[in-house]
Amino acid sequence: MKMHFCIPVSQQRLDALGGRYVLYSVYLDGFLFCRVRYSQLHRWNEQLRRVFGNCLPPFPPKYYLAMTTSMADERRDQLEQYLQNVTVDPNMLRSDVFVDFLKRVQLDTFSITTKKASLDVFLPDGRSIQVEILTSDTAERVLEVVSHKIGLCRELLGYFGLFLIRFCKEGKFSVMKKLADFELPYVSLRSSEVENYKVGLRKWYMDPALDSMLMDCRAAVDLLYMQAIQDIENEWAKPTQVQRQKLVALQKEDNQTQFLELSREVRHYGYVQLDPCTCDYLEPGCGAIVSVGNNEISCCITLPDNQTQDVIFQMNRVKCWQVTFLGTLLNMDGPQQTLHQNLELRFQYSRDSRWQWFVIYTKQAFLLSSCLKKMISEKMVKLVAENPEMQIEVPEQGKSKKYRIQQSQKDYSSFLPRKSKIKTEKVDCVFGTIKEEDL
């Protein structure tokens, strides 16, 4: 599956000899990932081509004459598409030539050298564990170090992930993004422009039934138990009064197994809840609390008269979705480091025998998209288990699993291009729409 790479802005710079070059600001999941030159990406593409041959996506050609604005726009769009398409192959994602380049440009962008460092990783119960790492260690490597320290079985690493989490007052928190395997947590934490960001360990699957795969590992059960308590306390999971009383009693007994068994019956258990946002359903500008999990998008919508209505969108009726940035990135110091202002996710949904577009305006649009992709991936794995004659490729945690298939699969998650209205200032920057043409 493609990743949420985008290049919404580029800037002209002067080199040491006075020559001009273009610096591209690459964002991943709405956060500034790195700034690179075309020449750097070109050399990287040549290195990848020597390893993987002609299976790479097309790379934008060199221009030997000065570029016009339209040519610069086209190159930026082509580089964005290249970064999205090159991440489709899970074997490429795990290759040294792929990872080493992305590690280097992350460090260079934020002027961080490789050295030993301590990193606090927060557990779902609010406690943190400190691990000794290198600033150049990837999220995959840091997760291995954390799992070893807490005794989490190595074969269960794929069920967990490291997340960038913003902690707010009174214990509230917002999950902003899952760190990709090749991201550097130390760099990501220090490059964020918003205070109170921390790296947190959470389970990373959307089907609550997958809990059963972890119950034989004591450390995994501890993590599930901590996260279940946290989600209930923060009202992400919504037990009835009777369920709450039973859960409190089981918690006092420290009966983790029965607590988790009952938790799986709780509404929205295992879901990811977004911060309050707005949507265009049932009326434009309605407030909404969006929870996603268990093959559905659940919305508690507040109408203009302050009445609320629960609306559920089933994933098997979602045809596609797209994320679009609707604002400008300019400020006095150049491109900002997050794209959370004026983001929308719109999805096409089958209702009343016709396809309709629904729009959610949320700063966590990229996280929501990642959750939708995760549900699609889990659904494909489940279909294969139920239909052994099928063959699909399901990249998960950077690993490729191939199965035989004898029927076409519906593309649930392709993105449709959509132009947004972005005000272009008369400076040496080029803007474009964030398009998520995915999966």
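Comment: Arg166 engages Asp275 in a salt bridge, judged by a side-chain N to carboxylate O separation of less than 4.0 angstrom. With respect to Asp96 and Lys103, no salt bridge is recorded, no charged nitrogen being found less than 4.0 Å from a carboxylate O. Between Asp222 and Arg218, at least one side-chain nitrogen of the basic residue sits less than 4.0 Å from a carboxylate oxygen of the acidic one, meeting the salt-bridge criterion.
Under the ring-ring contact (aromatic ring centres under 6.0 Å, His included) criterion, Phe347 pairs with Phe313, Phe358, sequence neighbours left out. For Asp352, the salt bridge (Lys or Arg N to Asp or Glu O under 4.0 Å) test picks out no residue, with sequence neighbours left out. Residues satisfying the ring-ring contact (aromatic ring centres under 6.0 Å, His included) criterion with Phe163, sequence neighbours excluded, are Trp204. When the ring-ring contact (aromatic ring centres under 6.0 Å, His included) test is applied to Trp44, the partners found at least two apart in sequence or on another chain are Phe98, Phe101. Looking at residues two or more places apart in sequence or on another chain, you find a side-chain contact (heavy atoms from CB on, under 4.5 Å) between Lys203 and Phe160, Tyr205, Asp211, Leu224, Gln227, Tyr269. Taking the side-chain contact (heavy atoms from CB on, under 4.5 Å) definition, one finds that Gln251 meets it with Tyr225, Ile229, Phe259, sequence neighbours left out. For Tyr82, the ring-ring contact (aromatic ring centres under 6.0 Å, His included) test picks out Phe59, with sequence neighbours left out. The side-chain hydrogen bond (donor to acceptor under 3.5 Å, both in side chains) search around Thr113 returns none, not counting sequence neighbours. Residues passing the side-chain hydrogen bond (donor to acceptor under 3.5 Å, both in side chains) test with Lys177, sequence neighbours excluded: Glu183.
Between Ser188 and Leu179, some side-chain heavy-atom pair lies under the 4.5 Å cut-off. Residues Met3 and Gln84 form no side-chain contact, since every pair of their non-hydrogen atoms from C-beta on lies 4.5 Å or further apart. Within the 4.5 Å cutoff, the side chain of Pro304 has heavy atoms near those of the Cys286 side chain. Taking the side chain as every heavy atom from C-beta outward, Leu223 and Leu201 approach each other to under 4.5 Å. A 4.5 Å side-chain heavy-atom check between Met315 and Leu372 finds at least one atom pair inside the cut-off. With a 4.5 Å cut-off on side-chain heavy atoms, Thr308 and Ile301 do not count as touching.
Separating the CZ atom in Phe182 from the CG atom in Leu184 is a distance of 10.0 Å, to the nearest 0.5 Å. With rounding to the nearest 0.5 Å, the separation of OH in Tyr159 from CG in Leu210 is 6.0 Å. For the atom pair CG of Leu383 and CD of Glu378, the computed distance is 12.0 Å after rounding to the nearest 0.5 Å. Separation of atoms CG (Leu83) and CG (Leu28) is listed at 10.0 Å; rounding is to 0.5 Å. Rounding to the nearest 0.5 angstrom, the gap separating the CZ atom in Arg346 from the CG atom in Asp280 is 7.0 Å. Atom-to-atom distance recorded for Thr138:OG1 and Leu134:CG is 10.5 Å, nearest 0.5 angstrom.
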Subject >> Test side chain to side chain contact (heavy atoms under 4.5 Å, CB included) applied to Val292 and Ser298, step by step >> reply: CA-CA 6 Å; Val292 57; Ser298 177; over 6 Å; no

Original post:
Where do Glu132 and Gln130 land on the side chain to side chain contact (heavy atoms under 4.5 Å, CB included) test, with the steps shown first?
Top reply: CA-CA 7 Å; Glu132 301 302 316; Gln130 189 175 85; 3.8 Å; yes

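Without hydrogens or angle criteria, Ser377 side chain to Lys374 main chain gives no donor-acceptor distance under 3.5 Å.
Residue pairs meeting the salt bridge (Lys or Arg N to Asp or Glu O under 4.0 Å) criterion with at least one member in residues 113-123, sequence neighbours excluded, do not occur. A salt bridge (Lys or Arg N to Asp or Glu O under 4.0 Å) check over residues 301-310, counting only residues at least two apart or in different chains, returns the pairs Arg267-Asp310. The list of salt bridge (Lys or Arg N to Asp or Glu O under 4.0 Å) pairs with a residue in residues 246-261, not counting sequence neighbours, is empty.
No side-chain N or O of Asn295 forms a donor-acceptor pair with one of Lys379 less than 3.5 Å apart. Side-chain atoms of Ser174 and Gln364 include no donor-acceptor pair closer than 3.5 Å. Neither side chain, Lys238 nor Gln243, offers a donor N or O lying under 3.5 Å from an acceptor on the other. A donor atom on one side chain and an acceptor atom on the other are not found under 3.5 Å apart for Trp236 and Ser291. Looking only at atom types and distance, the side chain of Gln230 has no donor-acceptor partner in the side chain of Asp125 under 3.5 Å away. Gln106 and Arg104 share no donor-acceptor pair across their side chains, judged by distance under 3.5 Å alone.
Just one residue in the list Phe33, Phe366, Tyr24 forms a ring pair (Phe, Tyr, Trp, His ring centres under 6.0 Å) with Phe5, and that residue is Phe33. A side chain to side chain contact (heavy atoms under 4.5 Å, CB included) with Val221 is found for exactly one of Asp216, Leu260, Leu214, namely Leu260.
For the pair Arg37 and Tyr21, the cation-pi criterion (under 6.0 Å, within 45° of the ring axis) is fulfilled. Lys198 forms a cation-pi arrangement with Phe167, by the criterion of a distance under 6.0 Å to the ring centre and an angle within 45° of the ring axis.
Nearest heavy-atom pair, Trp355 versus Lys319, reported as atom, atom and distance to 0.1 Å: CZ3-CB, 3.3 Å. When all heavy atoms are compared, the tightest approach of Ile129 to Val146 is CD1-CG1, 3.5 Å. The heavy-atom pair separating Arg35 from Gln40 by the smallest distance is O-OE1, 4.5 Å.
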